[in-house]
Structure formats: structure tokens, C-alpha cells
Trainee: 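Okay, handing you the structure first.
For the numbers below, each heavy atom of this structure counts, side chains included, while hydrogens, waters and symmetry mates do not. Start at 1 with the first residue, then count along the sequence. These numbers come from a predicted model, not from an experiment.
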Amino acid sequence: MHIRRHVLTVAAAAGALAVVTAAPAQAAEYSSALKIKGVQYDAPGADSNRCSGGNTKDEYLTIKNYSRTATVDLKGYVVKDATGNKFTFTTTHRLEPGDYVKLRGGRGTNSDAGNVVYRQNCNFICNNDKDTIYLLKPGGARADVHSYTKSANDRDGNGYITYHG
């Protein structure tokens, strides 16, 4: 009888292990208060990366501080896409708990009060058909990553995708 209980215990443990390993893989969540809230990956209208009269300022991504208590300084954080286009926050920009910033293309004046930082570059950072957007911590670790395709993730076709509410 003692051997039979041992066999049943081992079999039950193996069954539990099989259930754990058979669970579907979930998207990776990174340990960061900062997350990409959403992205306007396709600026409204015909794309024009002219610095004067272009619409790269209408392409942006929103980064939000989801912490309830910690203020986070964006200095040193990097946003990049799959092909290596990147932007590094080189100056202090503090996000209070629940606060956000829109990282816009084009040239403009950065504003903490206006929750905006401009890339000071008139090229688009996101592709209109598909891309992967990385938000990297100052040391290079991933804070958040999202891939999209226009056909799968933008059902209403407005060029905007929400990731974190």
C-alpha cells in the first residue's frame, strides 16, 4: 500500500507539472513603471517628412508612468523601432505617478507642463504597415516592447493603437 501511494503521488505531481507547462505563453511583461500607452504610428494625411510643413509631429507615442508612488525621470531611456531608428531622452523629464509624455516627431519645444518631447528629427520613427517599438531603460534593459501590424492591430484604420489603458 505504501508503494502505491508513492506512485500515485509521483503521478499526480507529474500531471500537475504537465498542466503548468502546457499553459499558453503570455506576452512578456517587464518590471518597469513606464509603459507605452499607445502609438499614433501613421500620421493622418499623406506622409511628408519635410521639416517645414510636414506631418512627422503628428506621429507620436505616449509613455505613461503606471506607478502609484514613484516619480520616474526619462533621462537615459531609449525608444527605438525594429530597424534601429531611435531616440534617447538626453535631458531630465520627470513623470509623476499617473503622468504621461507624448514623444512626437518633428521639431518643437519640449514641455513638462505640456507633456510633450520632440525628437528634433523630421523622419518618421514608425513604419505604417508593421513595426516593433522598444522602450529601453537607461542601462539597456527592456521596459516595454510592442509589435504591431496595421491589418491585425488597427481595426478602425485610424493609425492609432492602444497598448496599456
Trainee: Calculate, to the nearest 0.5 Å, the distance between atoms CG and NE2 belonging to Asn153 and His146 respectively.
Mentor: 10.5 Å
Trainee: I'd like to check the side-chain contact (heavy atoms from CB on, under 4.5 Å) partners of Ser147; sequence neighbours left out, ordered by chain and number.
Mentor: Thr132
Trainee: Is any side-chain heavy atom of Phe89 closer than 4.5 Å to one of Pro138?
Mentor: no
Trainee: Does Asp73 have any salt bridge (Lys or Arg N to Asp or Glu O under 4.0 Å) partners at least two apart in sequence or in another chain, and if so, which?
Mentor: Arg94
Trainee: Would you kindly check if the NZ (Lys) or CZ (Arg) of Arg104 is within the cone defined by 45 degrees around the ring axis of Tyr60 and under 6.0 Å from the six-membered ring centre?
Mentor: yes
Trainee: Anything under 3.5 Å between a donor and an acceptor, one on a side chain of residues 36-45, the other on a protein residue two or more places apart or in another chain? List them.
Mentor:
{"unit_1": "Gln40", "atom_1": "NE2", "unit_2": "Asp42", "atom_2": "O", "d": "2.9"}
{"unit_1": "Gln40", "atom_1": "NE2", "unit_2": "Asn158", "atom_2": "O", "d": "3.1"}
{"unit_1": "Gln40", "atom_1": "NE2", "unit_2": "Gly159", "atom_2": "O", "d": "3.2"}
{"unit_1": "Tyr41", "atom_1": "OH", "unit_2": "Asp154", "atom_2": "OD2", "d": "2.6"}
{"unit_1": "Asp42", "atom_1": "OD1", "unit_2": "Asn128", "atom_2": "ND2", "d": "3.3"}

Trainee: Do Ile125 and Leu34 belong to the same hydrophobic cluster, where Ile, Leu, Val, Met, Phe, Trp and Tyr are linked whenever their side-chain heavy atoms lie under 4.5 Å apart, directly or via other members?
Mentor: yes
Trainee: Following the transitive rule for hydrophobic clusters with a side-chain heavy-atom cut-off under 4.5 Å over Ile, Leu, Val, Met, Phe, Trp and Tyr, establish whether Tyr163 and Tyr77 coincide in one cluster.
Mentor: yes
Trainee: Where the side chain of Thr88 meets the backbone of Thr90, is there a donor-acceptor pair that is under 3.5 Å apart?
Mentor: no
Trainee: Checking Asp112 against His93: is there a side-chain donor and acceptor pair closer than 3.5 Å?
Mentor: yes
Trainee: Report the C-alpha separation of Asn65 and Asp99 in whole Å, then their side-chain angles, then the decisive distance to 0.1 Å, and conclude whether the side-chain hydrogen bond (donor to acceptor under 3.5 Å, both in side chains) test is met.
Mentor: CA-CA 6 Å; Asn65 180 357; Asp99 202 6; over 6 Å; no
Trainee: Who clusters with Tyr66? Use side-chain heavy atoms, under 4.5 angstrom, across I, L, V, M, F, W and Y, and order the result by chain and number.
Mentor: none
Trainee: Side chains of Arg50 and Ser52: donor-acceptor distance under 3.5 Å anywhere?
Mentor: no
Trainee: Pick from Leu61, Asn115, Thr62: which one makes a side chain to side chain contact (heavy atoms under 4.5 Å, CB included) with Lys102?
Mentor: Thr62
Trainee: Going from CG on Leu74 to CG on Leu103, what distance comes out if it is rounded to the nearest 0.5 angstrom?
Mentor: 9.0 Å
Trainee: Just by distance, do the side chain of Asp131 and the backbone of Ala82 share a donor-acceptor pair under 3.5 Å?
Mentor: yes
Trainee: For a side chain to side chain donor-acceptor pair (under 3.5 Å) with Asp144, tell me which candidate from His164, Lys64, Lys137 qualifies.
Mentor: His164
Trainee: Mind checking whether Val101 and Tyr160 sit in one hydrophobic cluster, side chains of I, L, V, M, F, W, Y counted as touching below 4.5 Å?
Mentor: no
Trainee: Measure the spacing between CG of Asn110 and OG1 of Thr91 and express it to the nearest 0.5 Å.
Mentor: 6.0 Å
Trainee: Under 3.5 Å, is there a donor-acceptor pair between the side chain of Asn85 and the main chain of Lys80?
Mentor: no
Trainee: Could you pull out the closest heavy-atom pair between Val145 and Arg142, with the gap in Å?
Mentor: CG2-CD, 3.5 Å
Trainee: Is there a side-chain contact between Arg107 and Cys51, using heavy atoms and a 4.5 Å cut-off?
Mentor: yes
Trainee: So, for Gly106 and Tyr118, which heavy atoms are closest and what is the spacing to 0.1 Å?
Mentor: O-CB, 3.8 Å
Trainee: Rounded to the nearest 0.5 Å, how far does CG of Asp47 lie from OG1 of Thr56?
Mentor: 9.5 Å
Trainee: What's the spacing between Asn121 CG and Asn49 CG if we round to 0.5 Å?
Mentor: 9.0 Å
Trainee: Is the side chain of Asp81 donor-acceptor paired with the backbone N or O of Tyr134 at a distance under 3.5 Å, no angle test?
Mentor: no
Trainee: Does Tyr100 sit in a hydrophobic cluster with other residues, and if so which ones, taking ILVMFWY side chains as linked at heavy-atom separations under 4.5 Å, directly or through other members?
Mentor: none
Trainee: If you round to the nearest 0.5 Å, how far is CG of Leu135 from CD1 of Ile133?
Mentor: 10.0 Å
Trainee: What residues form a side chain to side chain donor-acceptor pair (under 3.5 Å) with Thr109, not counting sequence neighbours?
Mentor: none
Trainee: Looking at every non-hydrogen atom in both residues, tell me the closest pair between Ala70 and Pro97 and how far apart they are.
Mentor: O-CG, 3.6 Å
Trainee: Identify whether Leu136 and Val117 are in the same connected component of the hydrophobic contact network (ILVMFWY, side-chain heavy atoms under 4.5 Å).
Mentor: no
Trainee: How close do Val72 and Ala33 get, counting heavy atoms only, and between which atoms?
Mentor: CG2-CB, 4.2 Å
